[in-house]
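Note sheet for the following structure.
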Amino acid sequence: MATENPFSKFRQECTDVLEQALRKLLPEIKIEKLTFSKPSNPEFGQLASSLCFELAKKINQKPLSLAENLVKAMDKRGFHLIEKAAPAGAGYINFHIDYTKFSKLSIQSIRHLKDKYGFAKTDNPQRIIIEHTSVNPLHPIHIGQARNPMLGDSLARILESRGHVISRHYYIDDVGRQSSVVAYGYAALCKPAPDSKSDLFVGRIYTITSCLVEINRLKRALELSHAVPSEDIAKLNKELAEWVSIAAELKGKFPELFEKLLEQISKDANPEEEINRLNRAYEDGEPKAKKLIREVSELCLYGFRKTQERVGITYDSWDWESDFVWSSQVGDAMRNLKISPFVFSEGGVLEFDAEKVIRVLNLRPKLGLKEDHAVPPLTLVRADGTTLYTTRDIAYSLWKFNLADKVINVIGMEQSLAQLQLKIALYALGFEKEADNFVHFAYNLVTLPGYKMSSRRGHYITFDEVLDEAIERAFEEVSKRSPQLTEAEKRRIADFVGIGAVRYALVDVDASKPVVFTWDRVLNFETNSAPYVQYTHARACSILRKAAREPENPDYTLLIDKLERDLVLIISGFPDTFIEASEYLKPNLIADYVNALADKFNTFYNALPVIKAESQELSDARIALTQAIRIVLCNALNLIGVVAPEKM
RNA sequence: GGGCUCGUAGCCUAGCACGGAUUAAGGUGUCGGCCUUCGGAGCCGGAGAUCGUGGGUUCAAAUCCCACCGGGCCCGCCA
């Protein structure tokens, strides 16, 4: 008698009983769907209906007397997991759960389903592509970008457990001008072998090259600027001064590399022109340009893979933006858009009229846009015939929909407008179903207090640095608490504790809220952190190890303490939380849930003996409860990619 | 200027999609306790909140609607 979702059994029973009473008492009233809420006070039961407040007006009766009548009309033979139903307050109907039966059902179900428990399967399994991370291959992944893979990977784990077929995609943006900048610098240095982690190495080349090229450009602009107004000159001078100070900073940090690049780049009369030429050559698929840019991009991506391996993240597909340019796909999408009534030409530039699509296809309600929310047009093709980022993304999205029913893009909310325009473009092309299933999972930025992160300027804290620091701090913590362990054991533990802490900290906050990065926040080892939950899991394991027996004869009716009952309720509700997290794409719910469960278990641990309980039957019941809790902690941690250790 | 988004104790966060109970939930910090019990990365208790402001809808608003205020972001032939 195992059930996938114990608490929903109880809810279903409440629904059945209340529906039956309604049919009997008020046959003329039709209710679409009964909903229940969890009472604020546990003395009011485990589920409550506020139905009578709504019905009261309609049938001109007081809510409370209606509640009383409904309870009287209930068929008590339908009570299995319900202990009693009672009218309460000004007109609630409270349902009290029968713990003697429910504890047994829940604990046994969990122990039976083990690592499958909680992962209620969807009725509508889909093929879903989750595109996440997609950091440009120009510099290491920094902490501001690291929230993306943490969220994306957790979403992937959650939706996969829900029964969907998930494919994790990384979109490599190698077509932009920036890629040509770094490739230009790399070539100027004669393609050196990295002297450090390859993405860090590429990042240095990128920052210095970009800075030198920028200074060169501004100087030339100033030389040619006799005719322009003086405020423009002032502006150029200000910009130049800024870049010169960045150059000084970079020269101080990387003197050798800086000098070499300066020497080489100075040989070019116009480096900017060289870069633009390289960019065009790459888009045209010229073999030499292809080889060069792919080489430097691969170098950087190699570093990304190393970083993601550390945190247990992998991808199923690495998609090169350039492949879509070189093949006919971007061109095809363009041609189809061009013949639609939504594209117009202005000064030799192709513009996409998103607003017109919305009007003609009446998309405003569907997209949830207000009446006065005007969506600006999107430039598709430059005057020189080359395409823009979002344009190429249209072709890429169509390609993704060849492989999947649904596409979820984990992309910062600063790109909300571009993502919206992209979605509208899919409607314009007639891909209505696809557009409906195109989801921009937007997340807010990670900022550093009093510090403006800028990859162009080389101002960032890399994700690797954060991981290193987290592991180092975890190592100190382990050494302090478990001095008896060997160095190797301490290292192993520090690794999953430090990394768990970072993963947890970056999914724990609602994705739409901004996160201010502080070391204290990310490297928290106390309550409401991965280490806290990991510790709790290890503690549960420790009890089970010490007990050294399977609970042969548990008597669940002995679990009468409020703490035990609360724990049963929490673990029986895990499938509900899991379903909510997957349906509404809210991985933070899992983090909150697992922390709340750990909290309650620690209180229980402190208050009631498991192994040395008064009787063998009670001890067995508590061992079984501890087993069930351990399973749920582990399953929940897995969803956010945090290791559940047996010892730490 | 237009749009999007966030605003809940000193600080960080949950609750808002789906409005409900004379106590708005945690954490951190602060003050005070718990080393006789299964791992103290723990547990218990105290103090700490005009839920940004003002209206409105409702029997009922942190939650829905409107206006305003404050922070962030976007409105490029950048990505």
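All of these numbers come straight from a predicted model, not from anything done at the bench. What you see below is based on every heavy atom in this structure, not just the backbone, and it leaves out hydrogens, waters and symmetry mates.
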### Query
Which part of the nucleic acid does A:Pro609 contact within heavy-atom distance under 4.0 Å: base, sugar-phosphate only, or nothing?
base
## Note on the structure
Looking only at B:C59, B:A14, B:A41, the nucleotide nearest the A:Phe53 side chain is B:C59
### Summary
Of the candidates B:G39, B:A21, B:G42, the side chain of A:Lys647 sits closest to B:G39
### Query
Once you round it to whole Å, what is the distance between C1' of B:C11 and CH2 of A:Trp519?
20 Å
### Message
With a 4.0 Å cutoff (strictly under), does any side-chain N or O of A:Thr527 reach OP1 or OP2 of B:G42?
### Response
yes
### Query
For the side chain of A:Glu526, counting heavy atoms from C-beta on, which of B:U28, B:C75, B:G15 is nearest?
B:U28
### Query
Does a nitrogen or oxygen in the side chain of A:Arg539 sit under 4.0 Å from OP1 or OP2 of B:G40?
yes
### Query
Among the nucleotides B:G26, B:U23, B:A17, which one has an atom lying closest to any side-chain atom of A:Asp599?
B:G26
### Query
Is any side-chain N or O of A:Asp592 under 3.5 Å from a base N or O of B:A25, one able to act as donor and the other as acceptor?
no
### Any A:Arg521 side-chain N or O less than 4.0 Å from OP1/OP2 of B:C11
no
### Message
Between the base of B:C77 and the side chain of A:Tyr389, is there a donor and acceptor pair under 3.5 angstrom?
### Response
no
### Task
Examine B:G42: is either OP1 or OP2 under 4.0 Å from a nitrogen or oxygen in the side chain of A:Arg481? Give yes or no.
no
### Query
For the side chain of A:Asp372, counting heavy atoms from C-beta on, which of B:C38, B:A41, B:G3 is nearest?
B:G3
### Message
At less than 4.0 Å, is any side-chain N or O atom of A:Lys586 found next to OP1 or OP2 of B:A14? Yes or no.
### Response
no
### Task
Could you tell me whether the side chains of A:Ser322 and A:Arg392 share a donor-acceptor contact shorter than 3.5 Å?
no
### Touch class at under 4.0 angstrom, heavy-atom based, for A:Glu414 against every strand present
sugar-phosphate
### Query
A:Thr603 side chain N/O closer than 4.0 Å to the phosphate oxygens (OP1, OP2) of B:C44?
yes
### Task
Under 4.0 Å between any heavy atoms, over every strand shown, what does A:Gln415 touch: base, sugar-phosphate, or nothing? Just pick one.
base
### Task
Answer yes or no for this row: A:Phe44 ring on B:A21 base, centroids under 5.5 Å, planes under 30°.
yes
### Task
Check whether any side-chain nitrogen or oxygen of A:Tyr605 sits under 4.0 Å from OP1 or OP2 of B:G39, and answer yes or no.
yes
### Task
Looking at every strand, decide which applies to A:Ala596 at a 4.0 Å heavy-atom threshold: base, sugar-phosphate, or nothing.
nothing
### Message
Looking at A:Asp566 and A:Lys562, is there a salt bridge between them, counting it only when a charged N and a carboxylate O are closer than 4.0 Å?
### Response
yes
### Query
Is the shortest side-chain N/O distance from A:Tyr532 to OP1 or OP2 of B:C43 below 4.0 Å?
yes
